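Scroll down for the structure; my scribbles are underneath it.
All values derive from a computational prediction rather than experimental measurement. Indexing begins at 1, ligand by ligand and atom by atom, following the structure's order.
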Amino acid sequence: MYKLTLISLLLSSALFANDIPQNVIDAGDKVSSALLKQLSSKLKNELQENGLIAAVRFCHENAYTLTEEINLHQLKGLNVRRISLKQRNPANAPKSDEEETLKQMQALLEQNKLPPFLVKKTPTGHKYYKPLVIKKAVCLKCHGDISKNKELSSFMQEHYPQDKAINYKMNDLRGAILVDIQN
Ligand code: HEC
């Protein structure tokens with residue numbers, strides 16, 4: 001009985017792995033890494049050269065456009081976004097299937113089982129998700145408790161009146177990079 005269960009488990013995980021075309025994984029990896037690299041190097045630069053308020057201004061003015069720019073340079077049928085259950089920019093709100101996946105990621109993180117990426121089938125292709133867990137203290141400068149920094153919190157109130165992306169702690173799930181890949 002035990003053997004049978006083991007065999008069927010092995011079979012189903014093998015099937016699951018085969019189910020995701022390699023080109024979907026490759027495209028998801030490539031596009032999400034490109035976006036992360038762009039955003040983090042520019043953010044780091046801005047913080048070092050011009051300080052926190054300039055950096056937040058930079059994110060406000062460029063993070064969304066940079067994401068769209070990456071999309072312009074991709075093949076047709078590929079689209080990258082940043083999503084979160086507690087988003088700062090309302091344009092980064094998840095769709096209902098994406099919200100489900102973010103909740104699943106949250107549960108996996110709590111069980112210490114969060115994989116480096118997840119792929120979900122859609123009616124027209126696949127969605128590749130790269131989880132973003134807060135691993136660097138610098139993220140908390142703008143996503144932690146920002147109430148003590150009056151200049152920063154009034155910037156957020158002015159530009160993101162519905163900001164939900166605060167009070168995070170280290171190792172929290174901040175959101176995901178989502179690559180929507182059409183067949
Ligand atoms: C200097 C301030 C600042 C720092 C530091 C910062 N962020 Fe942000 N973050 C922002 C702003 C502003 C936005 C909204 C950008 C926009 O309008 O698209 C944002 C948006 C995001 C989003 C998109 C989802 C949403 O809430 O709209 C993610 C994901 C994110 N940040 C993750 C991170 C991570 C991970 C780090 C650490 C590596 C980090 N951020 C560091 C200011 C910052």
Side-chain angles (χ1 to χ4, degrees), residues 28-74 78-110 114-118 120 127-180:
D29 271 344
K30 183 173 149 245
V31 180
S32 57
S33 305
L35 177 62
L36 271 179
K37 215 170 132 193
Q38 280 255 8
L39 284 176
S40 58
S41 70
K42 297 209 162 141
L43 174 63
K44 202 171 154 195
N45 216 37
E46 206 57 44
L47 275 168
Q48 277 171 357
E49 307 269 311
N50 305 314
L52 189 62
I53 297 299
V56 76
R57 200 172 289 282
F58 169 82
C59 288
H60 169 60
E61 287 165 6
N62 300 294
Y64 195 83
T65 2
L66 263 170
T67 312
E68 286 305 297
E69 224 164 79
I70 297 239
N71 282 328
L72 284 178
H73 291 95
Q74 296 308 320
L78 277 183
N79 185 270
V80 64
R81 286 167 51 220
R82 297 159 304 142
I83 54 169
S84 174
L85 289 171
K86 287 188 356 170
Q87 69 287 145
R88 174 157 283 159
N89 185 339
N92 297 329
K95 298 181 182 149
S96 66
D97 60 318
E98 298 163 358
E99 188 177 332
E100 284 311 306
T101 309
L102 285 169
K103 285 183 181 158
Q104 189 192 353
M105 283 181 189
Q106 180 68 46
L108 286 168
L109 177 68
E110 281 160 22
L114 187 63
F117 67 85
L118 275 86
K120 300 280 172 177
K127 284 185 179 176
Y128 170 105
Y129 296 81
K130 181 177 291 214
L132 295 177
V133 174
I134 298 198
K135 291 285 179 200
K136 293 187 184 148
V138 67
C139 308
L140 302 180
K141 283 185 190 279
C142 299
H143 294 296
D145 175 7
I146 62 165
S147 62
K148 288 191 191 76
N149 187 332
K150 293 286 169 258
E151 198 180 358
L152 187 65
S153 42
S154 64
F155 182 95
M156 296 305 181
Q157 268 158 24
E158 185 185 338
H159 297 281
Y160 302 100
Q162 300 164 46
D163 187 14
K164 297 183 202 154
I166 50 165
N167 296 328
Y168 280 92
K169 302 208 166 47
M170 289 299 277
N171 297 312
D172 280 351
L173 181 71
R174 178 64 266 271
I177 306 274
L178 164 68
V179 189
D180 193 341

Check: Backbone or side chain, does any N or O of Gln87 fall under 3.5 Å from an N or O of ligand 1?
Finding: no
So for Arg82 against ligand 1, with non-hydrogen atoms under 4.0 Å, the contacting part is side chain
The protein heavy atom nearest to atom 15 (C) of ligand 1 is Tyr160 OH, 3.5 Å
One finds that the ligand 1 atoms under 4.0 Å from a non-hydrogen atom of Cys142 are 1 (C), 2 (C), 3 (C), 4 (C), 5 (C), 42 (C), 43 (C)
Item to complete: Kindly say whether Ala93 contributes a backbone atom to a donor-acceptor pair with the side chain of Arg81 at under 3.5 angstrom?
Response: yes
TODO: Please verify whether a non-hydrogen atom of Val138 lies at under 4.0 Å from ligand 1.
DONE: yes
Check whether Asn71 reaches the backbone of Val80 with its side chain - one donor and one acceptor, N or O, closer than 3.5 Å. yes
Looking only at heavy atoms of Gly175, does any of them come nearer than 4.0 Å to an atom of ligand 1? no
- Task: Specify whether Tyr160 and His60 have parallel, tilted or perpendicular ring planes, treating 30° as the upper limit for parallel and 60° as the lower limit for perpendicular.
- Result: perpendicular
For Ala55, the ligand 1 atoms with a heavy-atom partner under 4.0 Å come out as 1 (C)
Nearest heavy atom to atom 24 (C) of ligand 1, choosing from Thr67, Asn92, Ile146, belongs to Asn92
In terms of its nearest heavy atom to atom 25 (C) of ligand 1, the top option of Arg88, His143, Arg57, Met156 is Arg88
So for Phe58 against ligand 1, with non-hydrogen atoms under 4.0 Å, the contacting part is neither
Between the OG atom in Ser40 and the NZ atom in Lys136, the distance rounded to the nearest 0.5 Å is 6.0 Å
Worksheet entry | Tyr64 side chain to Asn92 side chain, donor-acceptor N/O pair below 3.5 angstrom | no
*asked:* Taking backbone and side chain together, does Cys139 place any N/O/S atom at a distance below 2.8 Å from atom 8 (Fe) of ligand 1?
replied: no
Looking at Tyr168, is Lys86 sitting on its ring face, NZ or CZ under 6.0 Å from the six-membered ring centre and within 45 degrees of the normal? yes
So OH of Tyr129 and CD of Gln104: to nearest 0.5 Å the spacing works out to 9.5 Å
*asked:* So for Arg174, does at least one of its heavy atoms come nearer than 4.0 angstrom to any atom of ligand 1?
replied: yes
So for Leu132 against ligand 1, with non-hydrogen atoms under 4.0 Å, the contacting part is side chain
Contact region, His159 to ligand 1, non-hydrogen atoms below 4.0 Å, reads neither
Output for pair (Leu47 CG, Lys141 NZ), nearest 0.5 Å, gives 7.0 Å
With distance as the sole criterion, is a donor-acceptor pair present between the side chains of Arg174 and Ser84 under 3.5 Å? yes
Any heavy atom of Ile83 under 4.0 Å from ligand 1? The part involved is neither
Handout entry: Lys120/Glu100 salt bridge by N-O under 4.0 Å criterion
Key = no
